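What you are looking at is a predicted structure, and each value in this text was computed from that prediction instead of being measured. First the proteins, then the strands, lettered A, B, ... as listed; each starts at 1.
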Number of protein chains: 2
Amino acid sequence: MAENAIGSEGLLFLTDEQLRKGIEAMFFAYRGFTADPDRILDTMDYGRAHHRAVHFINRNPGLTVSQLLAILGVTKQSLNRVLRTLFEDGLVEAKVGRTDKRERRLHLTEKGAALERLLSDAQRARMRAAYRAAGPQAVQGFRTVLEAMMDPEMRRQYQGLKETEA
Amino acid sequence: MAENAIGSEGLLFLTDEQLRKGIEAMFFAYRGFTADPDRILDTMDYGRAHHRAVHFINRNPGLTVSQLLAILGVTKQSLNRVLRTLFEDGLVEAKVGRTDKRERRLHLTEKGAALERLLSDAQRARMRAAYRAAGPQAVQGFRTVLEAMMDPEMRRQYQGLKETEA
DNA sequence: AATTTACGTCAGCCTTGTTGACATTCCAAG
DNA sequence: CTTGGAATGTCAACAAGGCTGACGTAAATT
């Protein structure tokens, strides 16, 4: 057996075909990843954008609009359209910042938390099934590769937001 | 140390927090995943939808419109808008099916293949960097989890299209 | 007092998805 | 040989969720 693709460093996994397979895996898996919450959202007047906002507000209660903006990577006009409906529907509330009164610190209401739970239960169920099927070793690798795939800035967001005022 | 989260099966990786981290990893990583091709596409008159079409036509030369439809999971009207511009710009050509003349078998032109290469070089570069940083073990796990996350139907698409007429 | 920051808003545009309706061509089965 | 269904395209209308640009206000900072 020649050492064509494998080479001396055992780099079979860097083959063009391997990389393309990885690309397609991301594509198809992301579809599965969003499928369950999307189905739920479709029955309401919300979309994936609302889900994202609710998710990150839940994960970082009290974050400011600009922090959320940075996480989501969209324009404030785009985010505002979403936030407005969440306010109007009483899913999210904003508290004026203690130290800086210009800031609006975002929190889920009980109603908002309920929606978050509904969506994230669905999404976590699939995640859990995938994790269980793949095993802890694979999960470790999964997280490692995903992390390496992020933009450095996003990796920082992922690894933990700066301390947020409660 | 209590056996709260870990339990008897060593299921630390199925913790709520672990699952949520996985969800966020998918979100941030997918952004990185699409960032480079997106930047290129923005300089042209194309979007992510064109990229997807070109990618899968390249990977499965001679596939039919309905096959592509099934892979992409969009409506024919949506796909057609994209395909039309690709035809007009001479990136894709359709050959009438040999056995079934209703079918249009899709192929990239040289120009189309050039675009595909441009986009996929960028995307693969990031993939390669992530793979290299994570190592073969992690890559294996990455693929395993992603595969488990797909809808069964999509998993079939992923694992290989049915035999396509050349 | 002047500037900058955080946030909101109006207006308009683009891409990419959706439904629904309808036409054509062709295969396949009765 | 006719007929139903499959494969494809097309017109129209609409929605979600991005974007840019411009403008306004309140509060912090210098």
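- Look at CG on A/L72: it is 13 Å from P on C/dC7, rounded to the nearest Å.
- Look at CG on B/L41: it is 16 Å from C1' on D/dC19, rounded to the nearest Å.
- Both tests do not hold together for A/K21 against A/F13: distance to the six-membered ring centre under 6.0 Å, angle to the ring axis within 45°.
- Taking only side-chain atoms of A/T75, from C-beta outward, the nucleotide of D/dT20, D/dT10, C/dC7 with the closest atom is D/dT20.
- For B/K101, counting side-chain heavy atoms from C-beta on, the closest listed nucleotide (C/dC26, C/dT18, D/dG17) is C/dC26.
- Closest to the A/S66 side chain, of the nucleotides D/dA28, C/dT16, C/dA6, is C/dA6.
- Distances were taken from every side-chain heavy atom of B/D100 (C-beta onward) to each of C/dG17, D/dA26, C/dC26; the shortest belongs to C/dC26.
- Regarding A/R105, its CZ atom lies at a distance of 11 Å from the P atom of C/dA6, rounded to whole Å.
- Between the CZ atom of A/R48 and the P atom of C/dT16 there is a distance of 15 Å, rounded to whole Å.
- Residue B/N80 has a polar side-chain atom (N or O) positioned under 4.0 Å from OP1 or OP2 of D/dT10.
- The interatomic distance linking A/R39 (CZ) with C/dT18 (C1') rounds to 17 Å, in whole Å.
- The CG atom of A/D42 sits 12 Å away from the C1' atom of D/dA15 (whole-angstrom rounding).
- Within the nucleic acid shown, A/R81 comes within 4.0 Å of at least one base atom, counting heavy atoms only.
- Which of D/dC11, D/dG17, C/dA6 sits closest to the side chain of B/R84 comes down to D/dC11.
- Judged by closest nucleotide on DNA chain D, A/D45 is the one of A/K76 and A/D45 placed further toward the 5' end.
- Between the base of C/dT25 and the side chain of B/R102 there is no donor-acceptor pair shorter than 3.5 Å.
- Annotation: side chain of A/I23 is in contact with side chain of B/R124 (closest heavy-atom distance under 4.5 Å).
- In this structure, the side chains of B/Y46 and B/H51 stay at 4.5 Å or more apart for every pair of heavy atoms.
- In this entry the distance linking NZ of A/K95 with P of C/dC7 reads 16 Å, nearest Å.
- Listed pair B/R98 / C/dC27 fails the phosphate criterion, with no side-chain N or O lying under 4.0 Å from OP1 or OP2.
- One can place CG of A/D38 at 19 Å from P of D/dA15, the figure rounded to the nearest angstrom.
- Picking from C/dT16, D/dC11, D/dG5 the nucleotide with the shortest atom distance to the side chain of B/Q77 gives D/dC11.
- A/M149 has its side chain within reach of A/M26: a pair of non-hydrogen atoms, C-beta onward, lies under 4.5 Å apart.
- Side-chain atoms of A/F28 and A/F33, non-hydrogen and from C-beta on, never get closer than 4.5 Å to each other.
- Phosphate contact (OP1/OP2 of C/dT16, side-chain N/O of B/H50, threshold under 4.0 Å): present.
- Contact annotation: A/R52 side-chain N/O to D/dG18 OP1/OP2 distance is under 4.0 Å.
- The A/A49 side chain lies nearest to D/dG18 when the options are C/dA6, D/dG18, D/dA22.
- Between B/L106 and B/F87 the shortest side-chain heavy-atom distance falls below 4.5 Å.
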